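Structure first, commentary second.
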Amino acid sequence: MRWNQLVRNKLFIIGGCLIAVLLGLMVTSLFYTPYGPNDMNTAMRLAPPQASHWFGTDNFGRDIFSRIMEGTQTSFVIGIASVAIGLVIGLLIGAIAGYWGGWLDEILMRVIDAMLAFPGILLAIMLVSVFGPGFGNTIVALGIMSVPAFARIARSGFIQYKEFAFVKAAIARGADSLRIISHHILPNITSPLIVASTMRFSGSILAEAGLSYLGLGVQPPDPSWGRMLKEAQPFIIAAPWYVFITGAVITAMVLGFNLLGDAMRDGYDLKR
């Protein structure tokens, strides 16, 4: 995947701009927000967008823009942590199944098939119901939900590359399995894993919003875009900006990472 080809891809440019704006909001929110995300002002309940409140206020008089900014931290942290958990566990399972094969492959892939039998969000709901709602449990649940995708990609790559001549030559030279996996096979499957990580990031953010909307994800008073959307729903007529702005931010985040993933996938296919 060549960088100069990637940066000329329109999908990459649009997706990168969307993510850059949201990332900028997240970094800024670490040091500054116009108002405290949980500061209430009942005299300003459901105020429309104006100079003092760019995105208006919610049903408790809290500044929506400040809560959106604070919510970017939740989304990015949950997205990064859940993808990291899914990538590490999935890569480990895929490497064992693809490299050694045999009965290990059969057992591990049947477990993965059982996980794939559940729709992703349904699996996440089931796991959160078992572990209980909360920030940390949401990360674990979404991380486990991401494992099958990474495991299948890793397994496919290991099965493919372990038959290549350069791997067999390394075995003939006496290289041990750990060196073959880390130095000869793993570097060749990083591109599809990176693409999958980008796509799973958007999936994790959307799933977290869904869980929080159902009351199973991040709990109050921590701002979460999904919970904000749930709180805005009863006021869709009285304060349509509340619903529209929150939904637009979720859409922008998911769309941005999907576009980045599509651009990188196209670059990877061109390379091949």
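Here the structure is a predicted model, which is why all the values come from computation and not from measurement.
- Side-chain contact between H184 and Y161 is absent, with no heavy-atom pair separated by less than 4.5 Å.
- Following chains of ILVMFWY side-chain contacts shorter than 4.5 Å, one can reach L92 starting from Y99, so the two form part of one hydrophobic cluster.
- A heavy-atom distance below 4.5 Å is not found between the side chains of L142 and R200.
- For residues 42-67, the pairs satisfying ring-ring contact (aromatic ring centres under 6.0 Å, His included) are Y35-H53, W54-F65, F55-F65, with sequence neighbours left out.
- Salt bridge status for R179 with D176: absent, with no side-chain N to carboxylate O gap under 4.0 Å.
- Heavy atoms of other residues, nucleotides or ligands lying less than 6.0 angstrom from CD1 of I236 number 12 at most.
- Follow the hydrophobic side-chain contacts under 4.5 Å out from M26 and you reach L22 in the same cluster.
- When hydrophobic side chains of Ile, Leu, Val, Met, Phe, Trp and Tyr are connected at separations under 4.5 Å, L255 ends up clustered with L11, I14, L18, L259.
- Grouping the Ile, Leu, Val, Met, Phe, Trp and Tyr side chains by contacts below 4.5 angstrom, directly or via other members, places V128 with V140.
- Within the 3.5 Å criterion, the main-chain N or O of M199 finds a donor-acceptor partner in the side chain of S202.
- Annotation: side-chain hydrogen bond (donor to acceptor under 3.5 Å, both in side chains) contacts of Q219 (sequence neighbours excluded): none.
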Problem set entry | Derivation of the salt bridge (Lys or Arg N to Asp or Glu O under 4.0 Å) call for R155 and D105 | CA-CA 9 Å; R155 175 181 179 270; D105 183 22; 2.8 Å; yes
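- Contact detail for G261 and T198: the closest heavy-atom pair is N-CG2, 3.5 Å.
- Residues V218 and I78 meet the side-chain proximity criterion, which asks for heavy atoms closer than 4.5 Å.
- The shortest distance between side-chain heavy atoms of N41 and R62 does not fall below 4.5 Å.
- By the 4.5 Å heavy-atom criterion applied to side chains, S146 and L87 are not counted as neighbours.
- For the pair M115/I144, a side-chain contact is recorded, criterion being any heavy-atom separation below 4.5 Å from C-beta on.
- A donor atom on one side chain and an acceptor atom on the other are not found under 3.5 Å apart for S66 and T33.
- Considering only heavy atoms from C-beta on, L108 comes within 4.5 Å of I96 through its side chain.
- A search for side-chain contact (heavy atoms from CB on, under 4.5 Å) contacts involving L91 returns A154, F158, L186, I189, L193, not counting sequence neighbours.
- For the pair T57 (side chain) and L46 (backbone), a donor-acceptor distance under 3.5 Å is present.
- Sorted by first and then second residue, the pairs that involve residues 218-264 and meet ring-ring contact (aromatic ring centres under 6.0 Å, His included), not counting sequence neighbours, are F201-F257.
- Considering only heavy atoms from C-beta on, V88 stays 4.5 Å or farther from F150 through its side chain.
- The backbone N or O of N59 sits less than 3.5 Å from a side-chain atom of R45, completing a donor-acceptor pair.
- The side chain to side chain donor-acceptor pair (under 3.5 Å) pairs that include a residue from residues 69-79 are S29-Q73, where partners are two or more places apart or lie in different chains.
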